[in-house]
Amino acid sequence: MNRTDFPKGFFWGTATASYQIEGADLADGKGPSIWTTFSHTPGKIHRNETGDIACDHYHRYKQDVSLMANLGVNAYRFSISWPRLFPRGRGERNQKGFDFYARLIDLLLENGIEPFITLYHWDLPDALQNSIGGWESRDIAAYFGDYADAVFRSYGDKVRNWITLNEPFCSSHVSYLFGEHAPGFNDLTKSFLVAHNLLRANGEAVKRFRDAIEDGKIGLANVSQWVEPVSDSSEDARAAELVNQFFNDWFYTTPLHGEYPNDLSKILIDLGVMPDIHPGDMELISEPIDFWGINYYTRLIAKSDPKSEFGYTIVPGDLERTEMGWEIYPDGLQKFLERAYRKYGEKPLFVTENGMADKDIPEEGKIHDIRRERYLRDHFEASLKAMNAGVDLRGYFVWSLMDNFEWSHGYSKRFGIIYTDYENKQERIPKDSYYWYADFLKGE
Ligand code: IFM
């Protein structure tokens, strides 16, 4: 497999997110986000680490763009920090924040790198959490629309590819049910209410996009799990169906059809936790998007468990694992892409995230991350196989450009193809996988 096996205009990129890399968390007028507050709450993050400095990308973006230019990518997916533009979430604008992203976009374009902007990768302005209750409030959809509109009107003449939300599954369930992410609740009712408002906000942003921008595309990036039943039994097949509905379909088929997945909805109604659906909600939620962003890392194995709330449990598989403890399963990417294309409306797809965390210990200034090289190559191959089977895949983004703040794991998990030396002023050291990717991109 080499680059020429993929179509000419295929986007090859890397991906990052604002809170994970920028640092300068309260600099130049930026307001705190819910992650500022959460990471400063003792006991929430590994070793109580924060994103205050992170990779200091805010000050080092020029070096980072030149690392990407040398890598040879033609695309870069990054997110905009809402509280950097609107420190209180709405109202007063922070011009220095707007200028930062304008400089970044210009530099990317000068280097032939197409920006793919994510509007929301989890760093909600803390002011909105405190004033209206953040994503629990129905008002958030309109506020998000206003913020999105300001971003479209500022950068829409230069940026053609947009993503509304990154992984609403995480900003709802990981944040409000599992309690691992900001703002850190364990409440099933809240988590489905938040999911509903996130989907409404997605629809609102798409609507505002159509009004603001003529020539551009907008999509939604979902965490995407390949789900398998543990056995051939009909009970386990039903468990796998429910796992699919919870992790995948809730955020894929709902915006597509304006209807929540049936079986899981029934369970939520029985449990009394189904969010109220107001007139017009489902029309807003199903505002058509242009593409899906697929964030793929691993598979889930489902087993029937009548004693559990949703009737299933997730059981461990026996494949090799990453430092996150996630099984490495490239075939799952191929299968997920084929399933997504068929089941989710035959829309263009992008792999908006894929990569792995590993130990990555420097040896004489070099990082021989052979497992990551293999991981990337195998997932490129899986993508190609899906394309050969008819999937309209338009691009692939490695997660991540550099090691960064891995949420509740702090800096303990390294996903980058560039090593970030946190002990040494955030120095960047390209890993072997960076050079492997560069060679692949040069390849005929
Ligand atoms: O680091 C995260 C990213 O922010 C969202 N998707 C998964 C990545 C790895 O956990």
Side-chain angles (χ1 to χ4, degrees), residues 13-23 25 33-36 38-39 44-46 49-51 54-55 57 76-82 116-124 163-175 178 180-182 184 195 198 219-226 247-248 251-252 292-300 321-329 332-333 336 350-360 369 371-372 375-376 379 396-420 422 433:
T14 60
T16 62
S18 45
Y19 190 73
Q20 293 181 273
I21 64 162
E22 284 179 3
D25 192 36
S33 75
I34 54 174
W35 273 94
T36 312
F38 192 67
S39 65
K44 297 294 184 194
I45 311 289
H46 175 77
E49 290 167 336
T50 72
C55 306
H57 169 77
Y76 174 47
R77 172 178 176 233
F78 63 97
S79 77
I80 288 192
S81 162
W82 184 350
F116 279 62
I117 292 186
T118 306
L119 290 167
Y120 184 73
H121 198 126
W122 311 349
D123 42 359
L124 184 77
I163 289 163
T164 54
L165 306 173
N166 184 67
E167 301 177 354
F169 177 89
C170 294
S171 1
S172 52
H173 302 313
V174 181
S175 304
F178 309 151
E180 277 169 40
H181 284 181
L198 282 158
L220 170 64
N222 277 320
V223 62
S224 303
Q225 313 277 3
W226 174 250
F247 284 90
N248 298 318
F251 302 96
Y252 276 111
W292 296 113
I294 311 260
N295 294 358
Y296 175 82
Y297 291 92
T298 192
R299 69 170 175 177
L300 295 177
R321 286 170 189 274
T322 71
E323 272 293 286
M324 295 295 281
W326 300 341
E327 283 187 299
I328 300 176
Y329 190 47
L333 176 59
F336 192 90
F350 290 85
V351 175
T352 35
E353 284 182 26
N354 176 239
M356 70 174 278
D358 215 348
K359 282 211 167 52
D360 297 340
D369 56 339
R371 291 213 307 159
R372 185 175 290 105
Y375 183 102
L376 295 179
H379 286 81
Y396 174 101
F397 294 79
V398 173
W399 185 271
S400 177
L401 174 64
M402 57 195 146
D403 299 335
N404 56 47
F405 179 78
E406 179 55 27
W407 309 112
S408 57
H409 300 279
Y411 297 98
S412 65
K413 305 292 178 205
R414 294 183 175 273
F415 273 91
I417 54 172
I418 297 172
Y419 184 89
T420 307
Y422 302 109
S433 58

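Counting starts at 1 for both ligands and their atoms, following the listed order. Computed from a prediction, not measured in an experiment: that's the story for all the values here.
- Tyr411 has its ring centre less than 6.0 Å from the ring centre of Tyr422.
- Atom 6 (N) of ligand 1 has its closest protein heavy atom at Glu353 OE1, 2.5 Å.
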Go through it in stages, so that I can follow the logic: the residues are Asn166 and Thr118, the test is side chain to side chain donor-acceptor pair (under 3.5 Å), and I'd like the CA-CA distance, side-chain angles, deciding distance and then a yes or no.
CA-CA 7 Å; Asn166 184 67; Thr118 306; 5.7 Å; no
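- Residue contacts with ligand 1: Glu167 is placed with a nitrogen or oxygen under 3.5 Å of a nitrogen or oxygen of the ligand (distance criterion only).
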Decide yes or no on ring-ring contact (aromatic ring centres under 6.0 Å, His included) for Trp292 and Tyr252, but give the supporting numbers first.
CA-CA 8 Å; Trp292 296 113; Tyr252 276 111; 4.8 Å; yes
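- When only non-hydrogen protein atoms are considered, atom 10 (O) of ligand 1 lies nearest to Glu406 OE2, 2.6 Å.
- Ion pair Asp369/Arg414 not flagged as a salt bridge, since none of the NZ, NE, NH1 or NH2 atoms sits closer than 4.0 Å to an Asp/Glu carboxylate oxygen.
- Contact atoms of ligand 1 toward His121: 3 (C), 4 (O), 5 (C) (distance under 4.0 Å to a heavy atom of the residue).
- With Phe397 as the aromatic partner, Arg77 does not meet the cation-pi criteria of under 6.0 angstrom to the ring centre and within 45 degrees of the ring axis.
- The shortest N or O to N or O distance between Trp326 and ligand 1 is not under 3.5 Å.
- His173 places no side-chain N or O within donor-acceptor distance of the main-chain N or O of Phe169, the cut-off being under 3.5 Å.
- Heavy atoms of Lys413 found under 4.0 angstrom from ligand 1: none, in either backbone or side chain.
- For ligand 1 and Asn166, the ligand atoms under 4.0 Å from any heavy atom of the residue are 5 (C).
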